[in-house]
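Single-structure report; data block below.
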Amino acid sequence: MASQRRITVGSVPIGGGAPIAVQTMTKTETANLAATMEQIRAVAAAGADIVRVAVPREQDVEALKTIVAESPIPVIADIHFNHTLALKAIEAGADCVRLNPGNIGGPDKVAEVIALAKQRGTPLRVGVNSGSLPKHLRQLEYENPVEALVTAAIETVQLMEQLDFTNFKVSMKSTSVPNTIASNRLLAERIPYPLHLGITEAGTKWSGSLKSAVGLGTLLADGIGDTIRISLSTFHAEEEVKVAWEVLKALKLRERGPVLIACPTCGRLQFDMDTVVVEVERRLEAYEDPIEVSVLGCAVNGIGEARHADFGITGAKDMGMIYSKGEPLKKVPTEQLVDELFKEIDRYYAAGKTVQRDEGAAAEAREWLAENEDASALTPERIAALEAAAAENDASADAVLESMLEPAGEAAHATVLDESDSPVAGRRFSRG
Ligand code: SF4
């Protein structure tokens with residue numbers, strides 16, 4: 001359920017079914033051109049589609065002209081309280097201006113900004129924050145914070161429409177994950193405009209990433225949201241971009257770069273997998289293709305769940321193995337696993353994305369795997385597979401049962417439900 005309407009920020013389409021756009025915000029003093037441009041290049045390299053810069057002072061709006069001209073990605077000017085700066089940001093060529101109409105100085109000033117945005121074709125991001133709802137919604141906020149947020153957002157949308165302006169996206173920010181989810185679900189049903197998603201003041205890299213992944217991931221999985229920003233308390237804005245991409249990749253909404261799969265490890269682990277995984281992840285950053293690379297902590301499980309991976313390693317005490325698409329390629333000493341893995345990946349690309357196999361080395365690796373695999377071991381992966389198979393069987397049994405119970409439509413259904421002494425009826429009733 002993507003938004004019905006689409007806007008375009010610079011060259012980036014937002015909404016109307018366009019790919020979810022990744023954005024972040026610079027953390028430098030905007031007027032410090034060297035530092036700001038360095039951070040913009042870093043976030044662009046990390047995969048940001050759009051960048052936002054704070055414009056709280058005259059010198060920032062002056063710098064904005066150069067930033068817009070030199071930035072490799074579209075630039076949004078972030079304005080609060082001062083409508084004159086919003087006008088100047090539009091004049092400076094900002095690809096979009098973010099403002100909250102509630103804090104820009106009254107309806108006349110909002111109308112002035114909208115008139116110029118219309119004239120220049122500049123889209124706006126308008127929205128509301130849970131911390132600054134209008135006075136008339138304070139009581140509602142106390143009683144029902146979600147409804148208060150949504151009401152404030154809809155009032156903002158209505159104000160834009162009264163000014164005959166539709167070139168905007170909407171954000172509704174809250175520090176509460178449940179409120180963000182509930183309010184955006186409601187808003188998505190009520191307005192056709194693109195939605196900007198974020199959890200405001202989410203926290204540190206660790207807790208903020210998790211809160212954002214839960215909140216934004218839930219909405220994105222429902223098809224709600226057109227652009228996302230992960231807010232983290234770190235000076236390194238590119239970290240926000242990396243987290244945003246992991247959320248989108250996990251939901252298979254967009255592809256960018258390799259996907260790393262790693263087992264959680266358990267008591268069967270016999271080598272320093274922590275270090276290996278970190279090193280593999282670091283080296284994969286140099287690749288742009290969405291190849292899947294897997295790291296397994298032991299060979300007990302065979303290649304198992306990682307059978308589909310383009311490349312992978314499985315380690316043991318002294319020796320490990322490199323494989324591709326479920327087939328062993330070679331066995332190597334544990335300390336050379338990472339280097340040899342990347343040698344194989346590079347050979348694959350050098351050969352036009354064809355896996356290079358040496359049959360002698362592959363046979364040796366197969367033999368090693370057969371010696372180390374234990375098909376009877378109940379590994380975490382096998383337990384998960386058994387549980388999944390059991391759930392599938394249960395679902396199939398239920399489907400058969402359902403089809404047996406419903407041959408004559410609703411009448412038959414009602415009859416069974418009335419037979420309260422029937423074990424079948426009890427089972428059906430309890431499942432709702
Ligand atoms: S059994 Fe599974 S989780 Fe444990 S080390 Fe081996 S691959 Fe990793």
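Along the sequence shown, the residues carry numbers beginning at 1. Both ligands and their constituent atoms are indexed starting at 1 by order of listing.
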Donor-acceptor pairs are to be reported for all side-chain atoms of residues 203-212 against protein atoms at under 3.5 Å, with residues two or more places apart or in another chain.
residue : atom : partner : partner atom : Å
Thr204  : OG1  : Ser207  : N            : 3.4
Thr204  : OG1  : Ser207  : OG           : 3.1
Lys205  : NZ   : Glu239  : OE1          : 3.1
Ser207  : OG   : Thr204  : N            : 3.4
Ser209  : OG   : Lys205  : O            : 2.4
Lys211  : NZ   : Ala202  : O            : 3.2
Ser212  : OG   : Gly208  : O            : 2.8

Sequence neighbours left out, cut at 3.5 Å: what donor-acceptor pairs do the side chains of residues 64-77 make with other protein atoms?
residue : atom : partner : partner atom : Å
Lys65   : NZ   : Glu62   : OE2          : 3.2
Ser71   : OG   : Ile73   : N            : 3.1
Ser71   : OG   : Ile73   : O            : 2.5

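Atom 4 (Fe) of ligand 1 has Cys266 SG as its protein N, O or S neighbours under 2.8 Å.
With Thr24 as the partner, the side chain to side chain donor-acceptor pair (under 3.5 Å) test is satisfied by one option alone out of Glu240, Glu238, Arg229: Glu240.
Side-chain contact check for Asp346 and Tyr287: at least one donor-acceptor pair (N or O, by modelled atom type) lies under 3.5 Å.
A search for side chain to side chain donor-acceptor pair (under 3.5 Å) contacts involving Glu155 returns His136, not counting sequence neighbours.
In summary, Glu38 and Arg41 do not engage in a salt bridge, as defined by a charged side-chain N under 4.0 Å from a carboxylate O.
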